[in-house]
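So the structure is just underneath, and the comments pick up after that.
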Amino acid sequence: KVKLPHSALPSKTLQKMLLQILFDGEGKKRTSTVCSSESLNAVGATLTPRRISWRQRIFLRVASPMNKSPSKMQRPDGHDGSELLPLSPLAPPLEEDPLILALQNEDGTDKIGEKKNSEELQSLWRKAIHQQILLLRMEKENQKLEASRDELQSRKVKLDYDEVGTCQKDVINVWDKKLLNCRAKIRCDMEDIHGTLKEGVPKSRRGEIWQFLAVQHRVRHRLPNKQQPPDVSYKELLKQLTAQQHAILVDLGRTFPTHPYFSTQLGAGQLSLFNLLKAYSLLDKEVGYCQGISFVAGVLLLHMSEEQAFEMLKFLMYDLGFRKQYRPDMMSLQIQMYQLSRLLHDYHRDLYNHLEENEISPSLYAAPWFLTLFASQFPLGFVARVFDIIFLQGTEVIFKVALSLLSSQETSIMGCESFENIVDFLKTTIPDMTQPQMEKIITQVFEMDISKQLHAYEVEYHVLQDELQENVNPCDEGEPLEKLERANSHLKRQNMDLLEKLQVAHAKIQSLESSLETILTRESKMKTVIQSLEQEKITYQKTLEQIMKYLPTEALSELISHRPGFSRQHFVKY
Amino acid sequence: MAQEGAAGGSLERHCPTYIYKVVLLGSTAVGKSSLAYRYMKNDFQESLPTVGCSFFTKILRMESATVKLEIWDTAGQEKYHSVCHLYYRGAHAALLVYDITNKETLGRAKQWLKELEKEFLHDEIVIALVGNKTDLAEEREVPTEEGEEFARSRSLLFAETSAKSNHQVKDVFMAVALQLLQREAETAPAPRRGQHVDLGASRARTGCCRV
């Protein structure tokens, strides 16, 4: 008996079916989806060449380079056509194809000869084959057209969200210009990009703009080799099996379950999501699949193709460093919680106290903010805007948004009296913002700069951790507190200074590394040049020796006598 | 949402209120959030994977006392293991949830038990083993007896439930609450756990500590 699956997850049978679809073969799998034109091309190539579609018929009728009706009129009768038929069994119905007609016409004029010699036959065959190739190409074009139409449709579904803030026409033009540069990987002015991003992003270009920002980031910051992801292509990863399969499958139906692109069980959206998560889990063995990532992946998929989304997920995780928070020890998440608490403590003391009194730590409400980059709770338009800034500024954006959200609602939160009321407010009321509220938050986030504080708090966290672990020399009671405090603040300042120095040093190391690399490549180039020169030298020497052998000794001595300083010894040496 | 004031109005002066923290633990997609949602709203809905933790409260009016359950619903994926202690710290009760159609999830529940036994003394915490998804009886992989037997051997509460078809959900939480109250009575001379709350003084919840 087939029963409905437990609605949160695909049932066993369904899972098995899914597995069959997914792993029977990569080629077969994609035939059911229509998300990329590439896959459709592949399908086109496997089509049997014998058939032509109705679309081709129309295409040939309309777009044929040859004029059909005159050739039809010229055609003497149906006889030649039927005679031709056995010659090219692969050919489609005759009257459909202008090439055949052309062939027929030639034949018609040729009719005087009684027998067709083999040359003629060969040329006929050649033409038939040529025509087949043409047909296949047309079929492909058709598929492409169809695919682009489907893609347009799915783009409409994917991008069906309310944008936060409107993007003016002139801003769109500015983006167009920048995106052109993107292809050439030209380094753009960061201030300028920041300014334009603030003005807004048209959602139809959002995917491209994210990729542009990623390119810009990579031009500036190269990851050290050790931190780079393994160099395996997306297609290669899709062929492998992942150990995290169950965890991924279970979450497919739970990621944006109300969004039309993802809501269909095993629809295009869910399949793409599965592929993307599977590929990532195989690429990043340490993180694998961690709940939360599916939302990030989902947001990417709404704005670009699967393969591009994979590239961008890699960018977010490795280049921007988001993968740290998903690592097994989740150390980075805990540091982030500490940093958020400290920010609240330093900049919104009343709010901090209120939350403290009610025992509400950030791990209660902010974990999903960090782990899904706000994607699981907030409206998509807002999430997309947050992603815009993340692509520009990285992980600290999460703190900025969190801080801005909390501070903008400070009075309401202060008004909540109990633990559960506050938690409820943070979890359900805050994500339910009005459009102007969201715009205000985004504007605030663009104005904020908290990177120094974040660094300081991180150092602080590690210091605290060490202190707690070591539990070193308990405080001497005789020592005045004041003195200790002064020492402490002094140390803190020192820490900050050191941190800055460290950053500068890091930057220097990076630039040195890259220059070292260029020097190394130059060196190796030089070496090859030297080698070839040496080779050349040897051959020259050899020729010289040979030439000398043919020269009579008198001539040689004459040469020497003519040119003082040019002694025989030179030759002997060679 | 239960308000302190409302609770106070219907109560006799001497009727104590106890606050207990109950954590839901178990593998991913076994139905922890759904159980909590069913219990709170008496409804079933598809829930997102829990990232971190979510939180509900429920007030139970019993004959002898008012019990306020703080239900902490945790992330199930094993990846989140390292942050889970943030959530079960200070819990009075735990529901170890598994999926009766997936044998592995029972194994995971047993691991959670080990974890809790490391963290808590035996009488510090009430633990219930809960086999969820009885509505999927045809796909059952774990026989009722197996869960029951294991629960008995470790003296845990046991029940099979369905959040979807609302089978025994209330009963589980009620059984946990009763057990908590019973323990309270046993240690009566020093009524420390599940602290006495002055009505209206929600601040005081901080004080509820284990002995």
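Values below: every heavy atom of this structure, side chains too, minus hydrogens, waters and symmetry copies. Numbers restart at 1 for each chain; the letters A, B, ... are given by sequence-line order, proteins then strands.
- In this structure, no portion of A:Phe370 lies under 4.5 Å from any heavy atom of chain B.
- Using a 4.5 Å cut-off between heavy atoms, A:Pro328 touches chain B through its backbone atoms (N, CA, C, O) alone.
- Here the two rings, on B:Phe55 and A:Phe419, have centers that are under 6.0 Å apart.
- Residues B:Ala29 and A:Val250 share a closest heavy-atom pair of CB-CG1, 3.2 Å.
- Only the backbone of A:Asp329 has a heavy atom closer than 4.5 Å to any heavy atom of chain B.
- Nearest heavy atom pair, residue B:Gln77 against residue A:Ala247, reads NE2-CB, 4.2 Å.
- In this structure, the separation between NZ on B:Lys79 and CE on A:Met330 is 8.5 Å, given to the nearest 0.5 Å.
- The distance from the CG atom of B:Leu48 to the CZ atom of A:Phe256 is 9.0 Å, given to the nearest 0.5 Å.
- Heavy atoms of A:Gln244 lying under 4.5 Å from chain B belong exclusively to its side chain.
- Using a 4.5 Å heavy-atom cutoff, the side chains of B:Val83 and A:Ser363 are not in contact.
- Under the 4.0 Å criterion applied to side-chain N and carboxylate O atoms, B:Lys68 and A:Glu420 are assigned as salt-bridge partners.
- Judged by distance alone, with hydrogens and angles left aside, the side-chain atoms of B:Tyr80 form a donor-acceptor pair with the main-chain N or O of A:Gln291 at under 3.5 Å.
- In this structure, CZ in A:Arg254 is found 6.5 Å from OG in B:Ser47, a value given to the nearest 0.5 Å.
- The two residues A:Ala367 and B:Gly52 make their nearest non-hydrogen contact at CB-CA, 4.0 Å.
- Only the side chain of A:Thr372 comes within contact range of chain B, judged by heavy atoms closer than 4.5 Å.
- Residue B:Ser27 does not touch chain A at all, counting heavy-atom pairs closer than 4.5 Å.
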